Every structure is written in C-alpha cells, then in structure tokens.
Engineer: 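Provided herewith is a single structure, encoded as structure tokens, for subsequent inquiry.
All values below come from the heavy atoms of this structure, side chains included, with hydrogens, waters and symmetry mates left out. In what follows, chains carry the letters A, B, and so on, assigned in the order in which the sequence lines appear, proteins first and then strands, with residues in each chain numbered from 1. Values in this document were obtained by computation on a predicted structure and should not be read as measured data.
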2 protein chains.
Amino acid sequence: MATIKQTAAPLPLNKILAGDCIAEMNKLPEGSVDLIFADPPYNLQLKGDLHRPDNSKVDAVDDAWDQFSSFAAYDRFTRDWLKAAHRILKPNGAIWVIGSYHNIFRVGASLQDTGFWVLNDVVWRKSNPMPNFRGKRLTNAHETMIWAAKSEAGKYTFNYEALKAMNDGVQMRSDWLLPICTGHERLKDENGDKAHPTQKPESLLHRVLVATTNPGDVVLDPFFGTGTTGAVAKRLGRDFIGIEREEAYRKVATKRIDSIRRLDKDALEVSTSKRAEPRVPFGTLVERGMLNAGDKLYSLNGRHSAKVRADGTLVAHDTKGSIHQVGAHLEGAPSCNGWTYWYFKRDGKNVPIDLLRQQIRAEMKH
Amino acid sequence: MATIKQTAAPLPLNKILAGDCIAEMNKLPEGSVDLIFADPPYNLQLKGDLHRPDNSKVDAVDDAWDQFSSFAAYDRFTRDWLKAAHRILKPNGAIWVIGSYHNIFRVGASLQDTGFWVLNDVVWRKSNPMPNFRGKRLTNAHETMIWAAKSEAGKYTFNYEALKAMNDGVQMRSDWLLPICTGHERLKDENGDKAHPTQKPESLLHRVLVATTNPGDVVLDPFFGTGTTGAVAKRLGRDFIGIEREEAYRKVATKRIDSIRRLDKDALEVSTSKRAEPRVPFGTLVERGMLNAGDKLYSLNGRHSAKVRADGTLVAHDTKGSIHQVGAHLEGAPSCNGWTYWYFKRDGKNVPIDLLRQQIRAEMKH
DNA sequence: ATGGGATTTGAATCTCAAC
DNA sequence: TGTTGAGATTCAAATCCCA
C-alpha cells in the first residue's frame, strides 16, 4: 500500500490535476470533499467491427484506457480508486458513479464493500440511444448511476424540494429521461471528430449537482475527461477538482470551463428554490372567476373531460382530485402536468388553462 | 461441496418442488432447462431464511458493524444457487434475475463470475411505485433485471420481431414501463392480506417469456413464491418447474395455476424474423425460369446494373459473383444483401427480386 | 430566411449455417 | 476446430444541402 502524503496546502479548487486519479486523490487531505462524481472506464469487451444496416461503421470505444485484462483486474482497480475516494470525502459527503451492465455490478458491489451506503440507483433513460443494429438484443437505452453516502450514518445532502419543483411538483423518480450529448455541446477535436468517446450531457450533471450539493460545495471528478462535471459545477456556483491523465482531454476541458459563466446568486437561488416561477394554485383561477365551478375542461387529446369544483379540484366520471391527479388517472400515467393537459372552451376554441396561470403570473410581476 | 445426485427420472414438469432451491436444482439433470427466472430474496439482514447448500443455516447478522460479513454471506448464498442454476441450463439456455439496489450489484457480479454472459440489463419502470414518504431520497420507481446467457458462446433465444411488434414496430428498449401487481391479480391470504410481499406482475413475466423462450420450452423458477412464472408459462404454452420452500406459497401457487387456461396454438404464434425462414438460393429463381440467364438486374439506387448467368451468379462490367458479392463490390461496401439490392423490370416497372423469393417460400409452406 | 429531404451519428460485450 | 460466405439488420436528433 502506498503511503498517503498529507499536505497542509489548501485544496486545489477549480483546477484540473494531471495524473493518475488514485495518486492524486491520495495527495488530498482526508475529509475535504463534499461530492464525488465518477465516470470510470466501463471495461467494454468489443470483439470485431460493427456496421450499421447502411454499411457505415460504428465508431467504437477502443481506447487503451478502457482495456482491462480480466474482471479481477477491473475489481482491483475499482476497489483502489473507491478506497481513495472514500478517504477524501467529508463524513456527510456522497458519491455518484455511472456505468453500464459491463461494469456497474462490480462497481456497486465494491462500493458496498468499501463502506459506502447506497441511497438510490438512478436510471438515465436516453431519449435517443444508439439502436441495436443486428436485432440480437434489446436496445441498450439506459445507463445506471449509483448514489451513495460515505457511510450509513452520513447526513447526505438532498434538495428534495428543488427536484420536486423541477418535476412539475411531483417527487422526482429514480428514472431520468435525458438526451445524450450531441450537437454544439459535443466537443470536437481539431479534425472535427469527437474529442472524447463518452462525453456526458450537462443536463445529467445539472440534475445531480442541484439534487445533492449546495452552492460553495466542493465537487471532485476523478475521471474528468472533457470536464462536464467542472463546467456544470462552475455554472452552478460549486467548486470543482478535476483529475485527468490525458493531456488532450485536460486541454479541451480547460478551454471549455474558461468559457463558462458562473450564474449569479439570484439565478442559483431560483434554480434551487421551490419553483422557478411563483406557484399558482389552480384554485386561484376559480377564486378569481377566471374559471367557474361547474365549468367543463377537456383533455389535450380530446378523449376525456372533467368538471371544475368550487375548491379547485376536478371531478371526472370515476375520479376526483387535483388537475394533475385526475389527468394522471385518466391517462393511466404515473404523473401528469395538469396545467398543460387541460383545456377549456372559449368562443368555441380550445384554450389551455396554463394561459390563465400565465396571466396571473404576469400580474404578480407588477 | 455437496454431491450432486443424477437421476434418470424425467423432468418434473409443471410441478412445484418443495424444498431448498439449491438442493432441488442439484437433483435435476445437467443441461435440461431452457430458461431460469429468479427473484431471489435480498434481505441482507439474513433473518433466518438463508441456507447453505447443505441446508445449514447462515448465522443471522444484523449489527451495523458487521455489515461486510453480511454481504459476504449473501455473496456465498448467491454464488451457490447461481452455480446450481448454471449446471442445469442447456448450453443455449439463459437466465433472468430481478433485484433492487440492495442486492442486484452482488447478483450481477456473481453472475459474471459464474461464467454467465450478460446480454442486457433491463429496467422495470413502475408506473405506480410507492412514493418516498419522508422526502429523503428519490422515489424508488424501478427494479433491475439482468438477462444473461449460460456462456459467451451460447446461442440464446431472442424473439426480436415479436418484441418489436409488441412495441408499435420499433425495436424494444431496455426500459420497460409496467404497473406493479395490484387489484384482482394480487393474491390474498385467508385474512385478506397480501399472500406474498413481492408478487411480480404477470405482464413482466409475459414479456420475458415471449422475448426469450419458445412454446414448449422448460422454464424453471427457483424462488417460485406465488407462482407468477408458472402461471404465465402455462398460459403461454411453456412448461415450468417451480421450487418453493414455504408450504403456504406452494398452496396459493397451485390453486392459482390450476385456474389458468393454456392459450391455443394460434394465439401463441409470434412474428418471426427473416432469419427463421428457409434459405432460398438465388439460382433457384433461374432454375425455375422466374428469371432467365441474360436478364438484366438494376440496383436499388439505379446507378448499377448486372446480367444474370445460368449458374445463378451475376456479372457486371468489372466483376462477377453472387448477388451479394456483386452488390457489395459495386457499392464499395463490406457487405450487401443482394435480395433487397437488386430489381428487375416487369411491364416497365422495377420489381425487387425478393418478391420472387417470397413466392417460392409461400409455395414451400403448402 | 425558411422548409423539406438526405445524411450523419451515438459507451455495442450485435450472425450463423455449411463445409 | 476454424474459415467462408450468405444475408439480415436501425432510431432519434442534429446537421447538411438545396430549392
């Protein structure tokens, strides 16, 4: 076991450390980091080339850093970096690790063996995954993230209300639907090729950091790559520490993060407070007479209708409750944003009830 | 290691075996089962329902300080039953295991260590999960299933077209949205309480069995519970073997399965891929005079043409060979499906040569 | 500028029977 | 056991191209 150097130096905040993540983490003081986000190598075991049905070749992940000789070798690597990560976390700190079926079971078991306490596994559902071209398996349409506290006793950070607000007022679930990283967000090298084979979308890190850190927290990423964690941390007013072995990735990440603007304090408060916009109860519309008890509302798809009641709830033929609850029930869906689901008739036309909410919000700004 | 009894007795099909799953699996002949579906216990507190293969009881460990040895005991249990499961699977057999973040990482790692080859991890997204009442974590809205072949070389069953058909014509993804088991489907005991704490919905097993078995296959469930696997297997014309220790569960399952009706043969037929269709050599079309030597074929994109030769090969201006080879050469592609690439003229219109193959296949069915 | 159609691309353990 | 060759196989989104 390597000796761990303890330094009295201040944390290297908002810097990218060059080197092996285990060695670099071991240089940092014990209990100094609030959150770790880690996107370790997945240990893919690809055999030959893969072509699409149109005969184009898939640009596979064939980088040396993703190669391990065996599961045992991968497990050793995993346990070593997790142990180093565990040491530098504050007692109330937490970790996120992302992976696929190739590695996530080994990572999860090692996490538990290292003493981490799993809080949730979160499924990143890709809205636009790569299909299965040969029709031999299911489309690999998700990746798994594990969220774990440093220990069972850790009082981890969880901004429940912020996430609920981000989710139209209902509890955030463990499955998150987000697109993969493409377009302008996807960093390119000087040849116009992708700068990194597995760049994660900023939206994913945004949700992770809003959920489990506060402004001013220190977020460390031991597999920094092109710096998505650093970019989002900076924008959200968190401090970051990146560790990356490859100079090419460090270079791209540095340039990327330099161009990010830190959100000002107001914006940060808004993004983490209950709602970006002031909450308007549906009942307010009834109180104000914009809608009246007994009025009929119609669903977006025209298949359902409901009647407004005096207390701001709805009643349909076999159910009653909030605009969201009734919509969800009628659609057989887990949740429903009633504001965009329900319409009322005005001059024979369908008008979304959200229009009335917008009128109220506009008034509130005066 | 316990000695494995080999019996010449026929498989105990469509029966529920009473006893420990490891002991019972060890009584079955090697390589005799097509699919295993397993919903193992995951109470890491080991409150008395974990047993070693020799039926000795694993010491209950619930002290927080001994959490690691508890994981170790669970790993032993997992490896033992997975090893027994591996032995009884046919070479082309496969396994499904379902779990949550409490146990699925350990199960997944043990699967890989046992020699199983992971094909997909599948997320069961619950449309109606239990909310997180205390607002301290994300709503635990999914469970994870791992689908794995007996070995990397195994030619596992996957009814790609059937699943695609079930999914409105686009290939099935790795995230499945299904409601939890409630209502009439949820079995009750004589007191009206739920008969089993974790009864799985039949819809989940339906999709699993349609996807990865064929009618007549043998499906084994080592943690049978109230027999969802058996009920769906029977309805879908598969044979099942259940193993269950608890008499109360066996009783409920027996009654349940007795009341299930097997679907008739027509209802069991699913869409199949072209791969399953009989092979028709291109030369057959020439032999039969559907095309003649000297006829001209035109490419899909209209850029190329070739002449049919008497032996069922094609010749273009600088190449000759099979319909596939010539197509690939002309397109500069690594491969080409000649059946969909080449067209011939009939009454001035372009007709794909695949139409002729379909005629021959239709005749072959008579 | 705008819109419609063609092209490109993404963490992938991606064929199989016959010889 | 390995090699050969027939032939089966893709979805959502961003971008590019051209009218």
Engineer: So what does B/P334 hit on the nucleic acid, given a heavy-atom distance under 4.0 Å: a base, only sugar-phosphate, or nothing?
Structural biologist: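 Nothing, no nucleic acid heavy atom in range.
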Engineer: Need one value for B/R173: base, sugar-phosphate or nothing, where a base atom within 4.0 Å counts as base even if backbone is also close, heavy atoms only.
Structural biologist: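 No contact.
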Engineer: How would you label the contact of B/G338 with the nucleic acid (heavy atoms, under 4.0 Å): base, sugar-phosphate, or nothing?
Structural biologist: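 Here B/G338 touches no strand at all.
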Engineer: For the aromatic rings, using the six-membered ring if either is Trp, is the centroid distance between A/W65 and A/H196 under 6.0 Å?
Structural biologist: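 Distance test on ring centres: under 6.0 Å, yes.
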Engineer: Which nucleotide in the set C/dT15, C/dG10, D/dT10 lies at the smallest distance from any side-chain heavy atom of A/I180?
Structural biologist: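 My answer, after comparing the listed nucleotides, is C/dG10.
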Engineer: Kindly state whether the ring of B/W342 and the ring of B/F282 have centres lying under 6.0 angstrom apart.
Structural biologist: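 No.
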Engineer: Give B/F282 one of three labels, base, sugar-phosphate or nothing, depending on what nucleic acid heavy atoms sit under 4.0 Å from its own.
Structural biologist: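 Nothing, no nucleic acid heavy atom in range.
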Engineer: Looking at every strand, decide which applies to A/D39 at a 4.0 Å heavy-atom threshold: base, sugar-phosphate, or nothing.
Structural biologist: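 Base contact.
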Engineer: Looking at B/L209, B/I95, B/L89, which hits side-chain contact (heavy atoms from CB on, under 4.5 Å) with B/L35?
Structural biologist: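 The single option meeting the side-chain contact (heavy atoms from CB on, under 4.5 Å) with B/L35 is B/L209.
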Engineer: Less than 4.5 Å apart, any side-chain heavy atom of B/D34 and any of B/T213?
Structural biologist: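 In short, these two side chains do not touch, never coming nearer than 4.5 Å.
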Engineer: In terms of side-chain geometry, is the basic nitrogen of A/D175 or A/R173 positioned less than 4.0 Å from the acidic oxygen of its partner?
Structural biologist: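 Yes.
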Engineer: Output the pairing pattern of DNA chain C as a dot-bracket string, 5' first, Watson-Crick or G-U wobble with both distances under 3.5 Å, | for cross-strand pairs, [ ] for crossing pairs.
Structural biologist: .|||||||||....|||||
Engineer: Report the nucleotide, chosen from C/dA11, D/dA8, C/dA12, that has the shortest atom-to-atom distance to any side-chain atom of A/N140.
Structural biologist: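 Selected nucleotide (nearest to the side chain): C/dA12.
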Engineer: Could you check whether B/E161 gets within reach of a base, just the sugar-phosphate, or nothing at all, counting any heavy atom under 4.0 Å?
Structural biologist: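 Sugar-phosphate contact only.
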Engineer: Looking only at the side chain of A/E143 (C-beta and beyond, no hydrogens), which of the listed nucleotides D/dC11, C/dA11, D/dA13 gets closest?
Structural biologist: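 The answer is C/dA11.
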Engineer: For nucleotides 16-19 of chain C, print each protein N/O atom paired with a nucleotide N/O atom at under 3.5 Å, atom names and distance only.
Structural biologist:
| unit_1 | atom_1 | unit_2 | atom_2 | d |
| --- | --- | --- | --- | --- |
| C/dC16 | OP1 | A/K136 | NZ | 2.7 |

Engineer: Just to be sure I understand the rule, does B/P281 reach a base, reach only the sugar-phosphate, or reach nothing, if contact means heavy atoms closer than 4.0 Å?
Structural biologist: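 If one applies the 4.0 Å heavy-atom cut-off, B/P281 turns out to touch nothing in the nucleic acid.
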Engineer: Look at the side chain of A/T182 and decide which nucleotide, out of D/dA6, D/dT9, D/dA14, has an atom nearest to it.
Structural biologist: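 Shortest atom-to-atom distance from the side chain points to D/dA14.
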Engineer: Taking atom NZ as the centre, does B/K320 end up with more than 12 heavy-atom neighbours from other residues, nucleotides or ligands that are less than 6.0 angstrom away?
Structural biologist: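 Open: at most 12 neighbouring heavy atoms sit under 6.0 Å from NZ of B/K320.
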Engineer: Which part of the nucleic acid, if any, lies within reach of A/K200 when heavy atoms closer than 4.0 Å are counted: base, sugar-phosphate only, or nothing?
Structural biologist: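 Base contact.
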Engineer: Would you kindly compare A/D59 and A/Q45 by the position of their nearest DNA chain C nucleotide and give the one closer to the 5′ end?
Structural biologist: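 That would be A/D59.
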Engineer: Taking the side chain of B/S322 as heavy atoms from C-beta outward, which of C/dT9, D/dA6, C/dG10 is closest to it?
Structural biologist: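 That would be D/dA6.
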Engineer: Measure from the side chain of B/H324, starting at C-beta and using heavy atoms only, and say which of D/dA8, D/dA6, C/dG10 lies closest.
Structural biologist: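 So the side chain of B/H324 is nearest to D/dA6.
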Engineer: Base, sugar-phosphate, or nothing for A/T139, non-hydrogen atoms under 4.0 angstrom?
Structural biologist: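 No contact.
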Engineer: Regarding A/T198, tell me which of base, sugar-phosphate or nothing describes its non-hydrogen contacts under 4.0 Å with the strands shown.
Structural biologist: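 Base contact - A/T198 has a heavy atom under 4.0 Å of at least one base atom.
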Engineer: Rounding to the closest angstrom, what is the interatomic distance between D/dA19 and C/dA1 at atom C1'?
Structural biologist: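 The answer is 13 Å between these two C1' atoms.
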Engineer: Counting neighbours of CZ on B/R309 that are heavy atoms of other residues, nucleotides or ligands and sit closer than 6.0 Å, is the number greater than 12?
Structural biologist: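 Yes.
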Engineer: For the side chain of A/P131, starting at C-beta, report the closest nucleotide among C/dA11, D/dA8, D/dC11.
Structural biologist: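 Within the option list, the nearest is D/dC11.
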Engineer: From the list D/dC11, D/dG7, D/dT9, which nucleotide is the closest neighbour of the side chain of B/S335?
Structural biologist: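 Nucleotide nearest to B/S335's side chain: D/dG7.
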Engineer: Taking any heavy-atom pair under 4.0 Å as a contact, classify B/Q325: base, sugar-phosphate, or nothing.
Structural biologist: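 Result for B/Q325 = sugar-phosphate.
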Engineer: If you look at every strand shown and take non-hydrogen atoms under 4.0 Å, does B/T340 touch a base, only sugar-phosphate, or nothing?
Structural biologist: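 Counting heavy atoms under 4.0 Å across all strands, no contact is made by B/T340.
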Engineer: Just call it for A/N43: base, sugar-phosphate, or nothing, with non-hydrogen atoms closer than 4.0 Å on any strand.
Structural biologist: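 Here A/N43 touches no strand at all.
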Engineer: So, is A/K126 near the phosphate of D/dA12, with a side-chain N or O under 4.0 Å from OP1 or OP2?
Structural biologist: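 A/K126 to D/dA12 OP1/OP2: no side-chain N or O under 4.0 Å.
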Engineer: Ignoring hydrogens and angles, state whether a donor on the side chain of A/S100 or A/H102 is under 3.5 Å from an acceptor on the partner side chain.
Structural biologist: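 Per modelled atom types, A/S100 and A/H102 side chains form a pair under 3.5 Å.
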Engineer: Hey, do the aromatic rings of B/F116 and B/H86 have their centres closer than 6.0 Å?
Structural biologist: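 Under 6.0 Å, so yes.
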Engineer: Would you say the side chains of A/T228 and A/R256 form a donor-acceptor pair under 3.5 Å?
Structural biologist: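 Yes, a side-chain donor-acceptor pair sits under 3.5 Å.
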Engineer: Using a 4.0 Å heavy-atom cut-off, does A/K47 contact any base of the nucleic acid, only the sugar-phosphate backbone, or nothing at all?
Structural biologist: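 No contact.
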